[in-house]
Chemist: 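Got a structure for you, questions after.
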Amino acid sequence: MFRKLAIVVGLTLLVAGGGTYYSFDIPDQAQVTDAVQGKQYSIHCLDAKPKAAIDRNGMLQVTVWNIYKQQRDTWQTALETFSADSDLVLIQEAKLSESFRHYLAQSPWQVTMANAFAFLDTPAGVMNLSRHQAAQTCAYLAVEPWLRIPKSALLARFPLTNGQQLTVVNLHGINFAWGLDEYRAQFNALSEQLEQAKGPVLLAGDFNTWRQERMAVVTRFIEELGLHEVTLDKDLRTRVLGWPLDHLFYRGLKLEQAEAPGTDASDHHPIIARFRLLESKGAKQ
């Protein structure tokens, strides 16, 4: 079910014939869990029977944030602030440390996580925090071509008060690849599910769009799906070579307001957006 991957750290030591080896546990298949306290994973998908819709009276607030494996001391305060009014929080680089487990155990969130890999027996990957359960959550893996450590994604479906179903993708994009084949394949793996989605769609995460060619892959993907990028009133998103790394795209919802405020709690700044449901089930916005 798992394979071991040893990574050599320290170029100087490596050249000298030494080196420090760190062992990663890499799942052979995509794994997802809603029982993060026990680290019990299911293969690919989890199904549930939600007791309530994810929105509140037709309003839906979403936070998207790469939490940088909670490496900075202020991560919890920042997360609580950014998610205070949110119905759904989409996290990248979540590390299931003891402190994060404690936070989750004390919080009201429904939690689902994709296990991309485990380092020193600590799982890491993308994570969804939601006010209510999803009807279904499926995990996806894409392997970094150079490091061979996977990036993960979650595709979840939530009931809405207007009778529709919201499809949400939380994705951490492949980073260490100069070519585009693996990067493009990561998005293509989700295309069929998103094309078939009859209700609203959200596609969000840290896409690692650090050059024009990567952004072009994403742009073509969202255009084919009829998605729109949120317009940010304040845009402090982390940028590399001038390109923002984090994105939130939508379809079938009305955008009310969105911003990307600054923080020192991660190397990424969050996106926070508020949407309104459309009355017409067949309409797109």
Chemist: Parallel, tilted or perpendicular for Tyr140 and His44, by the 30°/60° rule?
Modeler: perpendicular
Chemist: Among all residues two or more places apart in sequence or in another chain, which pass the side-chain hydrogen bond (donor to acceptor under 3.5 Å, both in side chains) test with Arg157?
Modeler: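 For Arg157, the residues satisfying side-chain hydrogen bond (donor to acceptor under 3.5 Å, both in side chains) (neighbours in sequence not counted) are Gln136, Gln193.
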Chemist: Out of curiosity, Ile222 CD1 to Arg251 CZ, how far, rounded to the nearest 0.5 Å?
Modeler: 12.0 Å
Chemist: Is there a side-chain contact between Thr167 and Leu155 in this structure, where contact means two heavy atoms from C-beta onward sitting under 4.5 Å apart?
Modeler: yes
Chemist: What heavy-atom pair brings Ala156 and Ala134 nearest, and what distance separates the two atoms?
Modeler: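 That would be CB-CB, 4.2 Å.
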Chemist: Given side chains that start at C-beta, do those of Ile149 and Phe119 come closer than 4.5 Å, heavy atoms only?
Modeler: no
Chemist: Show, in sequence, the C-alpha distance, side-chain angles and deciding distance for Lys254 and Leu278, and conclude whether the side-chain contact (heavy atoms from CB on, under 4.5 Å) test is met.
Modeler: CA-CA 7 Å; Lys254 178 177 175 54; Leu278 300 176; 3.9 Å; yes
Chemist: Taking all heavy atoms of Pro27 and all of Phe117, pick out the closest pair and write down the distance.
Modeler: CD-CA, 4.1 Å
Chemist: What I'd like to find out is whether the side chain of Leu203 reaches to under 4.5 Å of the side chain of Leu227, using heavy atoms alone.
Modeler: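 Result yes, sub-4.5 Å side-chain heavy-atom pair found.
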Chemist: His132 and Gln110: which non-hydrogen atoms are nearest, and at how many Å?
Modeler: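 In terms of heavy atoms, the two residues are closest at C-CG, 3.7 Å.
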Chemist: Could you pull out the closest heavy-atom pair between Ala114 and Leu154, with the gap in Å?
Modeler: CB-CD2, 3.6 Å
Chemist: For a quick test of reading the model, state the closest non-hydrogen atom pair linking Leu104 to Gln37 and the distance between them.
Modeler: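 Leu104 and Gln37 have their closest heavy atoms at CB-NE2, 4.1 Å.
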Chemist: Take Ile271 and Leu232 through the test side-chain contact (heavy atoms from CB on, under 4.5 Å) and record every step on the way to the result.
Modeler: CA-CA 8 Å; Ile271 298 172; Leu232 299 167; 4.0 Å; yes
Chemist: What residues, two or more places apart in sequence or in another chain, satisfy ring-ring contact (aromatic ring centres under 6.0 Å, His included) together with His268?
Modeler: none
Chemist: Should Phe176 and Val126 be counted in the same cluster of Ile, Leu, Val, Met, Phe, Trp and Tyr side chains packed under 4.5 Å apart?
Modeler: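 No, Phe176 and Val126 fall in different hydrophobic clusters.
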Chemist: Would you say Arg220 has more than 12 foreign heavy atoms packed within less than 6.0 Å of its CZ?
Modeler: no
Chemist: Tell me, do Tyr250 and Pro200 make a side-chain contact under 4.5 Å, heavy atoms counted?
Modeler: no
Chemist: Using 30° and 60° as the class limits, which term best fits the ring planes of Tyr183 and Phe187: parallel, tilted or perpendicular?
Modeler: perpendicular
Chemist: How about Glu144 and Asn175: does a side-chain donor come under 3.5 Å of a side-chain acceptor?
Modeler: no
Chemist: Walk me through it: do Asp87 and Asp55 pass the test side-chain contact (heavy atoms from CB on, under 4.5 Å)?
Modeler: CA-CA 7 Å; Asp87 306 291; Asp55 64 285; 5.7 Å; no
Chemist: Checking Asn170 against Gln92 for the side-chain hydrogen bond (donor to acceptor under 3.5 Å, both in side chains) test, could you report, in this order, the C-alpha distance in whole Å, the side-chain angles of both residues, the deciding distance, and whether it holds?
Modeler: CA-CA 8 Å; Asn170 176 4; Gln92 302 83 51; 2.8 Å; yes
Chemist: Any heavy-atom pair between the side chains of Trp65 and Thr263 that's under 4.5 Å?
Modeler: yes
Chemist: Rounded to the nearest 0.5 Å, what separates atom CG in Leu277 from atom CD1 in Ile54?
Modeler: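 Between atom CG of Leu277 and atom CD1 of Ile54 there are 11.0 Å.
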Chemist: Taking Ser266 for the side chain and Asn66 for the main chain, is one N or O donor matched with an acceptor at less than 3.5 Å?
Modeler: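 Checking the backbone N and O of Asn66 against the side chain of Ser266, a donor-acceptor pair under 3.5 Å is found.
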Chemist: About how many Å separate CG of Leu236 and CZ of Arg239, when rounded to the nearest 0.5 Å?
Modeler: 9.0 Å
Chemist: Output all residues satisfying salt bridge (Lys or Arg N to Asp or Glu O under 4.0 Å) with Arg72, sequence neighbours left out; order by chain, then residue number.
Modeler: none
Chemist: Got a donor-acceptor contact below 3.5 angstrom from the Arg184 side chain to the Val217 backbone?
Modeler: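 No; judged by distance alone, with no hydrogens or angles, the pair does not exist.
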Chemist: Hydrophobic cluster membership, with links at side-chain heavy-atom distances under 4.5 Å among I/L/V/M/F/W/Y: are Leu141 and Ile174 in one?
Modeler: no
Chemist: Sequence neighbours left out, what passes salt bridge (Lys or Arg N to Asp or Glu O under 4.0 Å) with Asp233? Give chain and number order.
Modeler: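 Once residues adjacent in sequence are excluded, Asp233 has no partner under the salt bridge (Lys or Arg N to Asp or Glu O under 4.0 Å) criterion.
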Chemist: Let me check something: do Tyr103 and Leu96 share a hydrophobic cluster, defined by ILVMFWY side-chain heavy atoms less than 4.5 Å apart, either directly or through other members?
Modeler: yes
Chemist: Does any non-hydrogen side-chain atom of Asn115 lie less than 4.5 Å from one of Thr33?
Modeler: no
Chemist: I need the Asp206 CG to His247 NE2 distance, nearest 0.5 Å.
Modeler: 8.5 Å
Chemist: Val62 and Leu160: same hydrophobic cluster, using ILVMFWY side-chain contacts below 4.5 Å?
Modeler: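 Yes, same cluster.
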Chemist: Donor-acceptor pairs under 3.5 Å, side chain of residues 75-84 to any protein atom, not counting sequence neighbours: which ones?
Modeler:
residue	atom	partner	partner atom	Å
Gln76	NE2	Glu80	OE2	3.1
Thr81	OG1	Thr77	O	2.9
Ser83	OG	Leu79	O	2.6

Chemist: Mind checking salt bridge (Lys or Arg N to Asp or Glu O under 4.0 Å) for Glu229 and listing every partner two or more places apart, or none if nothing turns up?
Modeler: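 With neighbours one apart ignored, the set is Arg237.
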Chemist: Measure from the side-chain N and O atoms of Arg274 to the backbone N and O of Met59, and report whether any donor-acceptor pair falls under 3.5 Å.
Modeler: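 No, the answer is negative, given that no donor and acceptor are paired below the 3.5 Å cut-off.
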Chemist: Please check if the side chain of Thr122 supplies one atom and the backbone of Ser97 the other of a donor-acceptor pair under 3.5 Å.
Modeler: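 Side chain of Thr122 to backbone of Ser97, a donor-acceptor pair under 3.5 Å: no, none is there.
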Chemist: Within a strict 4.5 Å, meaning less than it, do heavy atoms of the Leu88 and Ser130 side chains meet?
Modeler: yes
Chemist: How long is the gap from CD on Glu93 to OG on Ser152, to the nearest 0.5 Å?
Modeler: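 The distance works out to 10.0 Å.
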Chemist: Can you confirm if the aromatic rings of His172 and Phe207 lie within a centre distance of less than 6.0 Å?
Modeler: no
Chemist: Assess whether atom CD of Gln196 is packed by more than 12 heavy atoms of other residues, nucleotides or ligands within 6.0 Å.
Modeler: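 Counting other residues, nucleotides and ligands, CD of Gln196 exceeds 12 neighbours.
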Chemist: Please lay out, stage by stage, how Arg131 and Trp109 fare under the test side-chain contact (heavy atoms from CB on, under 4.5 Å).
Modeler: CA-CA 6 Å; Arg131 287 196 314 114; Trp109 295 114; 4.3 Å; yes
Chemist: Are the side chain of Thr209 and the backbone of Pro244 linked by a donor-acceptor contact shorter than 3.5 Å?
Modeler: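 Yes, because the side chain of Thr209 sits within donor-acceptor range (under 3.5 Å) of the backbone of Pro244.
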Chemist: Please report the interatomic distance NZ(Lys69) to CZ(Phe100), rounded to the nearest 0.5 Å.
Modeler: 12.5 Å
Chemist: Measuring only between side-chain heavy atoms, which start at C-beta, is Leu202 closer than 4.5 Å to Leu60?
Modeler: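 Leu202 vs Leu60: side chains touch.
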Chemist: Could you see if Leu46 belongs to whatever hydrophobic cluster contains Val168? Use Ile, Leu, Val, Met, Phe, Trp, Tyr and a side-chain cutoff under 4.5 Å.
Modeler: no
Chemist: What are the two closest non-hydrogen atoms of Ala273 and Leu255, and how far apart are they?
Modeler: CB-CD1, 4.3 Å
